[in-house]
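A short worksheet on the structure shown next.
Just so you know, these numbers use all the heavy atoms, side chains as well, and skip hydrogens, waters and symmetry mates.
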Amino acid sequence: MKHSKPTKAILRFLLALCLLSFAPSKRSYQTECVSLATEGYVTLKIWDIQKGNSYQQEQARKDAIDALLFSGIAGNNGCTTQKPILSSATEIEQFQKIEKDFFSKNGVWANYTRESNTETTVPSSIGDKNWKVYRVSVAKNLLRKYLEEGKIIAAEEKVIIKSLKTGF
């Protein structure tokens, strides 16, 4: 059976996509939402299933930002689900251009975390394991604003509610 050139290209693309889905992920952290503050902060517990007790505070802060950017945070404990800030392939590609500088030693990533403390109560999914769990607050709204100003993501549209007096 002969395939046209576009069909072959599509098949190659799909095969590459399948192979990439089995590639190991650099993200081995787990998160649990703690609270959503009205000032635009998201507080979460974060731990690394591969590093366990050797997980460092600075890496936990970076991982918390990474989670908000790429994977979002599942809703629980009264928190609503937080969708990833980078929601399209174009946005991810744009961020990857600045990612190394953003997360560098003198990068601006540190401006977007407010606190990072070792947790005394660990999530139930960990059980009795001896892992370091951190509580990290991330300024999600400020991070979003930074990405909008840098033209990494489109500006969030503001919803305007008409009063009932002006009609529908």
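Counting only heavy atoms from C-beta outward, the side chains of Tyr41 and Ser137 approach each other to under 4.5 Å. Between Ile65 and Leu143, the closest side-chain pair of non-hydrogen atoms falls below 4.5 Å. You'll find the side chain of Arg114 reaches within 4.5 Å of the side chain of Glu39, heavy atoms only.
Residue pairs meeting the salt bridge (Lys or Arg N to Asp or Glu O under 4.0 Å) criterion with at least one partner in residues 55-64, sequence neighbours excluded, are Glu58-Lys62. Among residues at least two apart or in separate chains, there is no disulfide bond (SG atoms under 2.5 Å apart) pair with a member in residues 82-114.
Atom CG of Leu44 is separated from atom CD of Gln30 by 12.0 Å, given to the nearest 0.5 angstrom. Rounded to the nearest 0.5 angstrom, Thr113 OG1 and Gln57 CD are separated by 8.5 Å. For the atom pair CD (Gln94) and CD1 (Ile153), the distance works out to 11.5 Å, reported to the nearest 0.5 Å.
The distance between the ring centers of Tyr29 and Tyr134 does not fall below 6.0 angstrom.
Partners of Lys51 according to the side-chain contact (heavy atoms from CB on, under 4.5 Å) rule, which considers only residues two or more places apart in sequence or in another chain, are Asp48, Ser54, Tyr55, Gln59. Shown here are the side-chain contact (heavy atoms from CB on, under 4.5 Å) partners of Thr80, two or more places apart in sequence or in another chain: Leu36, Gln82. Partners of Ala154 according to the side-chain contact (heavy atoms from CB on, under 4.5 Å) rule, which considers only residues two or more places apart in sequence or in another chain, do not exist here.
Ring orientation note: the planes of Tyr112 and Tyr146 are tilted relative to one another, at an angle of 30° to 60°.
Residues Val136 and Ala64 approach most closely at CG1-CB, 3.7 Å, considering heavy atoms. Taking each heavy atom of Cys33 and Ala74 in turn, the nearest pair found is CB-O, 3.8 Å. Between Ala67 and Thr31 the shortest heavy-atom distance is CB-CG2, 4.0 Å.
Partner Val138 forms a side-chain contact (heavy atoms from CB on, under 4.5 Å) with one of Ile46, Leu69, Leu68 and no other, that one being Leu68.
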Next on the checklist: What verdict does the side-chain contact (heavy atoms from CB on, under 4.5 Å) test give for Lys145 and Lys140, after you've listed the backbone C-alpha separation in whole Å, the side-chain angles of each residue and the deciding distance to 0.1 Å?
Outcome noted: CA-CA 9 Å; Lys145 183 178 178 184; Lys140 182 180 177 184; over 6 Å; no
What verdict does the side-chain contact (heavy atoms from CB on, under 4.5 Å) test give for Leu142 and Asn111, after you've listed the backbone C-alpha separation in whole Å, the side-chain angles of each residue and the deciding distance to 0.1 Å? CA-CA 9 Å; Leu142 293 176; Asn111 297 339; over 6 Å; no
- prompt: Would Thr43 and Arg135 satisfy side-chain contact (heavy atoms from CB on, under 4.5 Å), going step by step from the backbone distance to the final call?
  reply: CA-CA 7 Å; Thr43 302; Arg135 177 186 288 247; 3.6 Å; yes
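Between the side chain of Trp47 and the backbone N or O of Trp131, no donor-acceptor pair lies under 3.5 Å.
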Atom pairs and distances, side-chain donor-acceptor, residues 85-92, under 3.5 Å, sequence neighbours left out:
| unit_1 | atom_1 | unit_2 | atom_2 | d |
| --- | --- | --- | --- | --- |
| Ser87 | OG | Glu91 | OE1 | 3.2 |
| Ser88 | OG | Glu91 | N | 3.2 |
| Glu91 | OE1 | Ser87 | N | 2.7 |
| Glu91 | OE1 | Ser88 | N | 3.4 |

